[in-house]
Number of protein chains: 2
Amino acid sequence: MLGRIHHVAYIVADIDAGLDRLGATFGLTPAVREVMAEQGVEAVLCGPPGGAVELIRPLDPEGAIARFLESRGEGLHHVAFEVDDLAAALEDLRGRGAELIDERPRPGLGGHLVAFVHPSSAGGVLTELVQAEPGRGH
Amino acid sequence: MLGRIHHVAYIVADIDAGLDRLGATFGLTPAVREVMAEQGVEAVLCGPPGGAVELIRPLDPEGAIARFLESRGEGLHHVAFEVDDLAAALEDLRGRGAELIDERPRPGLGGHLVAFVHPSSAGGVLTELVQAEPGRGH
């Protein structure tokens with residue numbers, strides 16, 4: 001079901017400082033940057049497909065990302081895998097009894113359709129599924 | 001410098017239980033499984049190249065992995081990126097002032113050459129570099 005890893009997401013307090021650090025160390029450069037008001041975050045995707053790092057900073061001081069930052073500090077937040085057909089993957093996961101955070105595909109960073117799977121069904125790790133190419137296999 | 005993500009690594013208390021869960025949810029199956037005595041861990045790599053999850057369990061109750069499990073519970077431990085030439089990548093990172101955990105390539109899971117970069121130089125995330133194909137670009 002899972003394709004390659006689409007990106008890994010890191011929580012940071014300051015996106016520009018995070019970009020400066022990743023740029024200085026690994027030469028990663030930003031590809032897409034968006035304020036996602038509904039999620040209460042600003043996010044930027046750096047690096048090439050299949051090797052991308054997403055940096056996320058909280059905009060909502062009461063939100064889940066702000067709480068993560070406060071309790072655990074900066075670090076890994078979730079892993080995103082590509083799937084060819086997200087609606088079919090969610091249907092399959094429901095059939096397997098997986099706990100879904102998003103019951104249906106929703107728009108994510110860069111206009112991709114995404115859905116999150118609860119860590120309890122994914123090896124203790126918050127897991128995002130990304131349909132990289134809307135409407136067809138990639 | 002960085003290529004695609006080679007794998008993401010999750011710490012688990014019990015590898016077989018972890019494999020069962022990831023198998024039940026995502027159909028991931030083990031490709032390589034090794035006791036790495038020098039690191040005090042047992043590790044298994046599941047899933048295809050570019051989309052692989054490594055599960056790690058501590059064998060040494062005093063080691064870093066056991067301490068991670070005790071303090072943070074099961075979850076994401078590190079992210080591994082492919083590089084074409086690991087020795088050259090480490091030289092480049094030294095030139096950029098990055099803090100390296102491994103100054104030289106060493107053997108990792110599955111016989112790949114690997115080296116770790118300290119989280120302080122990698123966006124707060126423990127980062128592994130993997131030379132997927134020894135002696136040549138991949």
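Chain identifiers are assigned alphabetically (A, B, ...) following the order of the sequence lines, protein sequences preceding nucleic acid strands; residue numbering begins at 1 within each chain.
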field: Residue selection (most heavy-atom pairs with chain A, distance under 4.5 Å) from Arg72(B), Glu74(B), Met1(B)
entry: Arg72(B)
task: Determine yes or no for a side-chain-to-main-chain donor-acceptor pair under 3.5 angstrom, with Thr25(A) supplying the side chain and Ser121(B) the backbone.
output: yes
message: Heavy atom to heavy atom, less than 4.5 Å: which residues from residues 60-67 of chain B reach chain A?
response: none
field: chain A contact residues among residues 5-19 of chain B, heavy-atom distance under 4.5 Å
entry: Ile5(B), His7(B), Val8(B), Tyr10(B)
Same cluster or not: are [X] and [Y] linked, directly or through other Ile, Leu, Val, Met, Phe, Trp or Tyr residues, by side-chain heavy atoms under 4.5 angstrom apart?
X	Y	answer
Leu129(B)	Leu113(B)	yes
Val125(B)	Leu76(B)	yes
Leu100(B)	Phe81(B)	yes
Leu45(A)	Met36(A)	yes
Leu55(B)	Phe68(B)	no

- request: Kindly compute the distance separating CG (Leu22(A)) from CG (Leu2(B)), expressed to the nearest 0.5 Å.
  value: 9.0 Å
By salt bridge (Lys or Arg N to Asp or Glu O under 4.0 Å) - contacts of Glu103(A) (at least two apart): Arg94(A)
Contacting region of Ala24(B) [heavy-atom separation from chain A under 4.5 Å]: backbone
message: Is Ala52(B) in contact with chain A via its backbone, its side chain, both, or neither, using a 4.5 Å heavy-atom distance?
response: backbone
message: I need the full list of side chain to side chain donor-acceptor pair (under 3.5 Å) pairs touching residues 34-48 of chain A, with sequence neighbours left out, sorted by first then second residue.
response: Arg33(A)-Glu42(A), Glu42(A)-Arg57(A)
task: With a 4.5 angstrom heavy-atom cut-off, could you sort out which part of Phe26(A) is near chain B: side chain, backbone, both or neither?
output: both
task: Side chain from CB out, backbone as N, CA, C, O: work out which of these in Leu93(A) comes under 4.5 Å of a heavy atom of chain B, or both, or neither.
output: side chain
message: Quick check for you: among Val117(A), Val53(A), Val79(A), Thr127(A), which has the greatest number of heavy-atom pairs under 4.5 Å with chain B?
response: Val79(A)
- prompt: Between Gly123(A), Gly97(A), Pro119(A), which shows the greatest number of heavy-atom pairs under 4.5 Å with chain B?
  reply: Gly123(A)
